[in-house]
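Atom set for the values below is all heavy atoms of this structure, side chains included, hydrogens, waters and symmetry mates excluded.
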Amino acid sequence: MTSKAKRYARIILLILSLLFLSGCWSRNEVEDLAMLTGGAIDYSFEKGQEKYEGQWLIISPPSSSNSDGGASSSKSTDLVYKGEGETFMESTTGLNKQLPRLQTSNHAIFIIYGENMAKEVTAKVTENFLRYPESRPNEWLFVTKGNAGLFIQAKPTLVSNLFKQIKKQQEIALRTGVSRGVTFLEFCQWLLSTDRDPVLPQIKWNDENQSDSLHIEGFGVFRSDKLIGWLDRDESTGYLFLTQDLKDGLMTFKFGYGSQMISYQVGASKHKIKAELVDGKPVFRISIQTVGTVPDNSNFQISAKSASQMETAAAESVRAKALKTISKAREYDTDFLGLMQYLHRHKPSAWKEVETDWRKAFREAEIEVEVQAKIVAEGTLSQSFDLKD
Amino acid sequence: MLLFIVMTSTAILFIPGLTALTAKQNAWLVSLGAGISSFGVLIISTKLAQRFPGLTIAEYLPLIVGKIGGKVLAVSYFLFFTVLNILVVRETSEFLTVSALFGTPGIPINLVFVLICWYSAQKGIEVIVRMNQFILPLFVFAYLMACILAIPKADPSSLLPILEDGISPVMQNIWIPVQWYGEIAVLLMLIPLMNKPQEVLRKASYAVISAMLLLTFGSLTVLTVLGADVAGQMIFPIWFTAKTIEYGNYIQRVELLALPLWLTGIMVKSSLLFYVTILAARQSVGRKHPKLIAASVMVIVFSGASFLIPNTMALLEFLTTYWPSVSLLFEVVLPLLLLAITLIRKKKGGCRQ
């Protein structure tokens, strides 16, 4: 080749490279995407036919013709779309038929599992999510009684989008001790582990007749991959105390002191588990330490001496909730408390003995709970109201 | 430095997942152990090379085992490097299609990748090394960033119990990561090109040690963040680990920033493999048509990467069941045999400088 021909070839190559400047092979402009921010999946099995029903929230794009000026408008920008199918994937892709934009679940924040789905096909759907390259490990998972689809239509309170509400509300739920958010990754870890059962926070309507706002309270308990029961509010609090170290808490425990009811507000707690094997049976000693205040003392002067009496009474009220949770765990025969996992990790030789039938070992396990509650303050007053006769 | 990137760039994608599947929470010990045992590979290949200064393995093979046997072995080494390169290219396109470019078929990715790497290989070893000098800090930075930022999500207790079933599952699994560490066997071709071949053992040991530390750190991060059970299910756990990084609403979805840096690291590796393959081909097959040989190597690698392996499942099966024994044969067994032969027959050769 002559040098001239070479030069031409180079120029042509340069021009050809312009073709690639338009973008990648499978590029998608943001304007062509429909962002799914959350979803609810229901499942039914009728007449030998499986049916998955997914309802998904799509964030509606700010339209240029919006005269309110976009950001200042307070109305929700969520749109709900529904997809059905015999397989889970069919139900999600079915969604796209209704949209002029390509759906993407890259920005999904939460997913709600319907009761039926959680009872029948949790493992299937979860694996499907994990396989899907767009899934994120930090999505929040929830479970609900009955159908999940309706929750998607709930109106967000105080914020503009439902996903914002749910994202914040699970933090609040942990602080108030009624539930906590479980990420997709965490759920997968529990689901796949050989020694622990998963739980998912429960999403509820604010009142029974399905008003339009929701809250997060309680847990749905799984045995392996099947939803088998629920924890109520007290049991959920017990669960949190037994499995986590809490801080920034706002949990209130009421207990009787003398003739009156007093509340004890827990700010922080720590838990410690000790496990050993006695005569082939695991023995767990869980000690919980809480620190809190007594802001509500019913016109009752607390002295240093009575404070220590109060502490024992407060500890008892915390312990009662923890015990309730443990008896629920025994009733459902699932170890969502992670006790056997603790045994596995910290006493591997003991685990070896019970490994083959660890559920039986958990049923037979002795679980003792010991609570130390500390009262560190009584609010801003030093004297209780001393009222005239 | 070059060796370091050769070992870590693809290993970090696959090792945590493959080892966590079988060794569970002790997978990090596996990559540590494999790193230590890969010193064996290093020592064998340098000792061998030092007996034949100035010659590559394709050149001194005929000196050791005779003309015909030597040619056959040299050609098989050429094939080994080719297949290794095919695997690297294919691993990359698999990784890209599940991570960032879903929807893009593998063929264009392979084509672009092969073209770039082949081009830089054509420009000679110095270009590759200079490229590496620039890319390595970025690669290490991206890698460490992905790992360190994920640490707040880590749960150290998921590493417990250490050595639950004794040391044997760890030992049994060591051969899986050893194939990646063993890629240091490219030294067999590279030593004559170094300007100070005497220092190769020391320099390469630095590479092995740093690769070992980095890979072990990566395995530890993956295991503590994802847990052994989840990590074992994944093809690319490190990618999923990088996805967990989230600080408030600001620092999140950083995995795409780390991706191009990883990619360039793999590119250096593939360029080097191209260079080695072409060199081996020239020295074993013939010196007559260097351009033809180089072009055919490119075509072979591209078509092999695109069409030989039908899908991801086949790639993973190949990587875990067949490839380890093949690569161990070429990386450890054959050099060891050759070294034994030379020691027994007291052969030496090459041009002393």
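For the pair A/Asn138 and B/Lys243, the tightest heavy-atom approach, listed with the atom from each and the gap, is ND2-O, 3.9 Å. What you find for A/Gln189 and B/Asp229 is that their closest heavy atoms are O-OD2, 4.5 Å.
Of the two parts of B/Leu226, the backbone and the side chain both hold a non-hydrogen atom closer than 4.5 Å to a non-hydrogen atom of chain A. Of the two parts of A/Thr183, neither the backbone nor the side chain holds a non-hydrogen atom closer than 4.5 Å to a non-hydrogen atom of chain B.
The neighbour count for A/Ile11 CD1, taken as heavy atoms of other residues, nucleotides or ligands under 6.0 Å away, is above 12. When the shell of 6.0 Å around NZ of A/Lys226 is examined, it contains more than 12 heavy atoms from other residues, nucleotides or ligands. Surrounding OH of A/Tyr8 are at most 12 heavy atoms belonging to other residues, nucleotides or ligands under 6.0 Å away.
Atom CG of residue A/Leu192 and atom CD of residue B/Gln233 lie 5.0 Å apart, to the nearest 0.5 angstrom.
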